[in-house]
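Written below as C-alpha cells is the structure these notes are about.
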Amino acid sequence: MPVSPLAAASEREVPFYESVGNECGLFDQAFRQRLPLLLKGPTGCGKTRFVSHMAAKLGKPLFTVSCHDDLTAADLTGRYLLQGGETRWVDGPLTRAVREGGICYLDEVVEARKDVTVVLHPLTDDRRLLPLERTGELLEAPDDFMLVVSYNPGYQHILKSLKPSTRQRFLAMSFDFPPPRVERDIVARESGLAADQCAALVNLAASLRAMKGQDLEEGVSTRLLVYCATLIQGGMPILEAARATLVEPLSDDADVQEGLMEAIHATFG
C-alpha cells in the first residue's frame, strides 16, 4: 500500500506547528491537486512556520522568498551573471522550484513589483507554465511543484493589494493568532518557559492587540511572545524582557510606549 507523504514524514525533523483547524488538510489537498494557495493573516501569526511545517511533512524542498519593494520578476526567474569570465544563466528560486520540484513560497507577495504577478499568472492556471524570455525556455511545472503566497490584508495600503484577477487564481485561507490555550502551548514549547507564565503573556498580548488600529499599526505577534518568553526563561527580568520584545518593536512613539508599559505593569506588577 502506498504511503502518504504526510505519514512518510513522521521520521523526519518537522518544524513544530500547532494546527487550529483543517489548514493542514487543505494544504495537502492543494498540493495533491496541483493548486496554488494564498495565505492571509497578520504579521507573526504563523504563516511562514505553517509552510515550513507542511513542506517538511510532504518531504519537498522549500524555496522561500521574502518579497520587498525592489523585488523584480528577474529576481524570481533568474538572470545572466558573469562567472569565471563567462556569462552564464543562473536560475532564480521560482525557476529552481519549477525545474526541480518543490514548494515556492512568496512571503508578503504584494510588496513585490507589479511585474512579479505577470510571471505568476501562467503558473496559477491549468497551464502551470513558466516562460523564461531571456533563455527562450517554456518550463512546465512538474506534479510536485506548488506555489504558495502570503500577505497581510490588514496592513497593506490600497495601492498594494492583490488584484481580483490575481486573487481568484488561488485557493485561499485566513490565518489569525491562535486561540489562547494553543498560543500558550506554542510559546511554552518554543521557549521552555512554564505554562502559567506563558498564559500571562498570552493574556497580555490580547490586551495589546486590542490597541491595534488605535495606537498601534500591528498587534503583538506570536513570534514576539516567544522572544519575550525566551528572554524570561534565560533569566532576564520580566519587565525588561517585555520592553525589549513587546514595546520597542511595536512603536517609536513615547506616549504609545508608555501606554504599553502600563498594560504590562497591570499584568505583571
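Side chains included, hydrogens not; waters and symmetry mates left out as well; all remaining heavy atoms used.
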With a 4.5 Å limit on heavy-atom distance, are the side chains of [X] and [Y] in contact?
| X | Y | value |
| --- | --- | --- |
| N203 | T267 | no |
| V90 | R79 | no |
| F27 | N22 | no |
| P122 | P131 | yes |
| P249 | L224 | yes |
| K57 | D28 | no |
| D176 | C45 | no |
| L81 | R88 | no |

Quick one: list whatever passes side chain to side chain donor-acceptor pair (under 3.5 Å) with T95, sequence neighbours left out.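 Per chain and number, T95 pairs via side chain to side chain donor-acceptor pair (under 3.5 Å) with no residue.
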Quick check for you: to the nearest 0.5 Å, what is the distance between [X] atom [atom1] and [Y] atom [atom2]?
| X | Y | atom1 | atom2 | answer |
| --- | --- | --- | --- | --- |
| L193 | D196 | CG | CG | 7.5 Å |
| R184 | L225 | CZ | CG | 13.5 Å |
| I232 | T230 | CD1 | OG1 | 9.0 Å |
| L94 | L147 | CG | CG | 7.0 Å |
| E258 | S251 | CD | OG | 12.0 Å |
| K60 | L58 | NZ | CG | 7.5 Å |

Determine whether a donor-acceptor pair (N or O, by modelled atom type, separation under 3.5 Å) exists between the side chain of [X] and the backbone of [Y].
| X | Y | result |
| --- | --- | --- |
| K47 | G41 | yes |
| E23 | G21 | yes |
| R169 | H121 | yes |
| R167 | L38 | no |

Which of parallel (below 30°), tilted (30 to 60°) and perpendicular (above 60°) describes F175 and F50?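 Correct class here is tilted.
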Could you check whether the rings of H53 and Y17 sit parallel, tilted or perpendicular, using 30° and 60° as the cut-offs?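 The rings of H53 and Y17 sit tilted, inter-plane angle from 30° to 60°.
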Walk me through whether D75 and R113 qualify under side chain to side chain contact (heavy atoms under 4.5 Å, CB included). CA-CA 11 Å; D75 293 320; R113 287 170 47 170; over 6 Å; no
Answer yes if the side chains of E183 and T222 hold a donor-acceptor pair under 3.5 Å, and no otherwise.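 Per modelled atom types, E183 and T222 side chains form a pair under 3.5 Å.
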For D185 and R181, run salt bridge (Lys or Arg N to Asp or Glu O under 4.0 Å): C-alpha distance rounded to whole Å, both residues' side-chain angles, the deciding distance at 0.1 Å, then the answer. CA-CA 6 Å; D185 293 345; R181 180 194 60 79; 3.2 Å; yes
Do V119 and T77 pass the side chain to side chain contact (heavy atoms under 4.5 Å, CB included) test, and can you show the C-alpha distance, the side-chain angles, and the key distance before you say yes or no? CA-CA 8 Å; V119 172; T77 57; 3.7 Å; yes
At their closest point, which heavy atom of [X] faces which heavy atom of [Y], and how far apart are they?
| X | Y | answer |
| --- | --- | --- |
| L123 | A141 | CD2-CB, 4.2 Å |
| C198 | S191 | SG-OG, 4.3 Å |
| V187 | A229 | CG1-CB, 3.5 Å |
| T72 | V116 | C-CG2, 3.7 Å |
| F170 | P36 | CD2-CB, 3.5 Å |
| A244 | L231 | CB-CD1, 4.4 Å |

Please say whether the positively charged group of R49, taken as NZ for Lys or CZ for Arg, lies over the ring of F16, i.e. under 6.0 angstrom from the six-membered ring centre and within 45 degrees of the axis.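 No - R49 does not lie over the ring of F16 by the 6.0 Å and 45° rule.
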Test side chain to side chain contact (heavy atoms under 4.5 Å, CB included) applied to L37 and M146, step by step: CA-CA 8 Å; L37 183 61; M146 181 181 184; 3.8 Å; yes
For the hydrophobic clusters of this structure (ILVMFWY residues joined by side-chain heavy atoms under 4.5 Å, transitively), does one cluster hold both [X] and [Y]?
| X | Y | result |
| --- | --- | --- |
| L26 | F31 | yes |
| F63 | V51 | no |
| V182 | F177 | no |
| Y227 | V247 | yes |

Crowding at [atom1], [X] (>12 non-hydrogen neighbours, <6.0 Å):
| X | atom1 | value |
| --- | --- | --- |
| D252 | CG | no |
| E140 | CD | no |
| Q83 | CD | yes |

Please output the side-chain donor-acceptor pairs of residues 98-106 that fall under 3.5 Å, not counting sequence neighbours, one pair per line with the distance.
unit_1, atom_1, unit_2, atom_2, d
R99, NE, D91, OD1, 3.4
R99, NE, D91, OD2, 2.6
R99, NH1, E137, OE1, 3.1
R99, NH2, D91, OD1, 3.4
R99, NH2, E137, OE1, 3.3
R99, NH2, E137, OE2, 2.9
E100, OE2, R96, NE, 3.3
Y105, OH, T48, OG1, 3.4
Y105, OH, D107, OD1, 3.3
Y105, OH, S150, OG, 2.9

Does K40 pair with E108 as a salt bridge, N-O distance under 4.0 Å?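 A salt bridge is absent here (no side-chain N lies under 4.0 Å from a carboxylate O).
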Do D143 and R34 sit within salt-bridge range, that is, some charged N less than 4.0 Å from a carboxylate O?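 Answer for the salt bridge query: yes.
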Kindly indicate, with the supporting measurements, whether the criterion side chain to side chain contact (heavy atoms under 4.5 Å, CB included) is fulfilled by R243 and Q257. CA-CA 9 Å; R243 175 174 285 279; Q257 289 187 350; 4.0 Å; yes
